[in-house]
Amino acid sequence: MAEVIQVTDLVQGYGKNIVISDINLSVSSGEILGLIGPSGSGKTTLINSIMGMLKPKKGSVTVLGTTMPNRKILARIGFMAQADALYETLTARENLTFFGQMQGMDTKDLPEQIDYATNVVSLNEDLDKHVGDYSGGMKRRLSLAIALVANPDILILDEPTVGIDPELRQQIWQELHRLSQKGKTILLTTHVMDDAEESDSLLMIRNGIAIAQGRPEQLIKEFGVNNIEEVFVKAGRDQDAHTSND
Amino acid sequence: MRTLAMIKRVLQEMLRDKRTLAMMFIAPLLILTLVYFLFQSNNNQTADLAVRHVDSTLVKAVNNDNVKIHHVSSDDSAKQLIRDHDYAAVMTQKGDKLTLTLQNSNQTKSSIIKKSLQAGQVKLKNQATIATLKTQKEAIGKLQQQLTTLTKQAGMQTDAQADMSNQKNNAAKNYSVSTHYIYGDKDTTFFDAFLPIMMGFVVFFFVFLISGIALLRERTTGTLKRLLATPVKRGEIITGYLSGYGIFALVQTLLIVLYSMYVFDIQILGSIWNVLLINVLMAAVALTMGLFISTFAASEFQMMQFIPIVAIPQVFFSGIIPVDQMAGWLQAIGHLMPLYYGANAMSDVVTKGFNITQIWPNILILLLFAAVFLVLNLNAVRRYREV
Ligand SMILES: Nc1ncnc2c1ncn2[C@@H]1O[C@H](COP(=O)(O)OP(=O)(O)O)[C@@H](O)[C@H]1O
Ligand SMILES: [Mg+2]
């Protein structure tokens, strides 16, 4: 199995402030990796490093064998940022068209792909509404549709399920599993334990440090607990015990 | 391809935003109109014009509601006459030569006199043309009449020919005017000199503000960051912005120039293409500068705070106050202002009829400004993505 995303000994921060340190992770083709951690733990920082928006302070990030930052690789990544960044005066269709073109899509593929992407997030009815009139959840869904529209090999999604109701969440997960079976690699962050259980493997991160890593059922067994949430709590306590021993 | 998509998006956003659209297209015209009326308000003054040995037809043509004609015959010098009687101007004729001496302490009066004289000459020329057409028509009528009788009485001398040769008498006298000023010189006219500067400034100001705020909004809403998560090149973003807003700036410029020409009746002595060229360059500098300055603003309000720093001082150095009479260090500051070069070139083209070979140094400097800010912009975007 080819490693699609490889992060080695990554240290990252803003200015002198170190936010994450010694992160190692690899995601192979067709795998869904969930990044779990409380808010402020450094998930977004890690995602932005993988996207090449930030240059590693130490260590390295490679995507599809190419060292990041690299502009051209971005054409193969469908990205959903944590904050919805949409053009509110434009309609959803215009937003999708624009980002599709930016992603380098062929104009003739656009209608079909827009149709597909909006179907996944159930937005087809509201495709020609101005985004300014959208609710928060609808904007979230449009952001996800934008990540999907260019049919990318890799999906990097920062908190994709926030503000999305359970029924639609299931529909989205169904599509993510289908895509991963087709060989697409997916990396997503969440602080919802339900999302964690859907992932193939997990990386738990707390205060910028990886505290547990592995397949969900394997982690539950390893920590001798009943569910992922308890794994996280226990791993957190271990981390605190470890640091106070120092 | 990506640049095209960028341009299209900028246009779409702009067309949806009716208020900004109005600000870009209507506000400049309002400002110019206000300035126009400010300077025109004392236009219902009457200027006293003394005439000496001037053809009565010309005097009649020059006379209008704003001019009061005084016939003088004394041999005093024009200067003396003006001193003694406070005439706005004295006009003397010798043959075809007119000498116009303007008091010029009140520029509005000077411009009334000059405009009236110009209008008078044009009026005479038009009258002459009409008279010529009339005689021609009569002559042709006669010819036709004679042509019909010609078949009966061949070889008759036609007096239509004689009429044709009379036409010369109808042609307007071509007066040559030499103008003298007692105070100041011809550059001390007001609105005419002020308008080209205002035109340049208005284009600069609105393009600066609107493009700056647009990029700022893109930054604060996070779409710029999102955009840089696609394989778009930094250059493509900047080019897209420049072209998109460039199109609006071009339309705005056209609107302002046409408005000035048809509503204010501004006389452009040089080529209108040069006027457009200068305005487009001003817009380019304003665009690149606005985009760059917006990187230092965190909100629209902060962007507005740059206006007194960046935009207003430019007005002082645009030629409203002659820059070459300022203190050395002030002149140096003036030479750092794009509007100084733009307004200079505009005034040269509009009021002096300069052509491109005479204004190219100013053009070149404007290009340089745009190029420098372009490079600065490319580097400013680097903050968001290293490649
Ligand atoms: N642009 C930034 N500049 C400075 N500090 C930042 C920036 N973004 C995030 N941080 C800091 O980095 C830490 C991790 O934030 P983030 O990666 O957003 O966490 P998460 O996504 O897990 O909520 C936080 O303490 C946050 O304050
Ligand atoms: Mg985050």
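As a basis for the values below, the full set of heavy atoms in this structure was taken, side chains included, without hydrogen atoms, waters or symmetry mates. The chains referred to below are lettered A, B, ... by the order of the sequence lines, with proteins before strands, and numbering in each begins at 1.
- The minimum heavy-atom distance between L228(B) and L74(A), with the atom names listed, is O-CD1, 3.7 Å.
- Expressed to the nearest 0.5 Å, how far CZ of R226(B) lies from CE of M53(A) amounts to 9.0 Å.
- Neither the backbone nor the side chain of E88(A) comes within contact range of chain B, judged by heavy atoms closer than 4.5 Å.
- Heavy atoms from other residues, nucleotides or ligands lying under 6.0 Å from OH of Y262(B) number 12 at most.
- With a 4.5 angstrom heavy-atom cutoff, T107(A) touches chain B only via side-chain atoms.
- Heavy atoms closer than 4.5 Å to chain B are found nowhere in A83(A), neither backbone nor side chain.
- At least one side-chain heavy atom of F99(A) sits less than 4.5 Å from a side-chain heavy atom of L227(B).
- The candidate with the highest count of non-hydrogen atom pairs below 4.5 Å against chain B, out of S143(A), A81(A), A75(A), is A75(A).
- Interface remark: L86(A) contributes backbone atoms only to the contact with chain B (heavy atom separation under 4.5 Å).
- With respect to chain B, the highest number of heavy-atom pairs below 4.5 Å among H130(A), E94(A), Q101(A), R76(A) belongs to E94(A).
- Note that CZ of R2(B) is 8.0 Å distant from CD of Q103(A), once rounded to the nearest 0.5 Å.
- With a threshold of 4.5 angstrom between heavy atoms, M102(A) approaches chain B through its backbone and through its side chain.
- Contacts between residues 3-28 of chain B and chain A, defined by a heavy-atom separation under 4.5 Å, are made by A5(B), M6(B), R9(B), Q12(B), E13(B), R16(B).
- Inspection of non-hydrogen atoms places no residue of residues 284-305 of chain B under 4.5 Å from chain A.
- Residue pairs meeting the salt bridge (Lys or Arg N to Asp or Glu O under 4.0 Å) criterion with at least one partner in residues 25-34 of chain B, sequence neighbours excluded, do not occur; the list is empty.
- For K233(B), the NZ atom is loosely surrounded, since the number of other residues' heavy atoms within 6.0 Å does not exceed 12.
- Of residues 210-224 of chain B, those residues with a non-hydrogen atom less than 4.5 Å from any non-hydrogen atom of chain A are, in numerical order, E218(B), T221(B), G222(B), T223(B).
- The contact between D84(A) and chain B is made entirely by backbone atoms, counting heavy-atom distances below 4.5 Å.
- Ranked by heavy-atom pairs shorter than 4.5 Å toward chain B, the options I77(A), I156(A), N48(A), T89(A) are led by T89(A).
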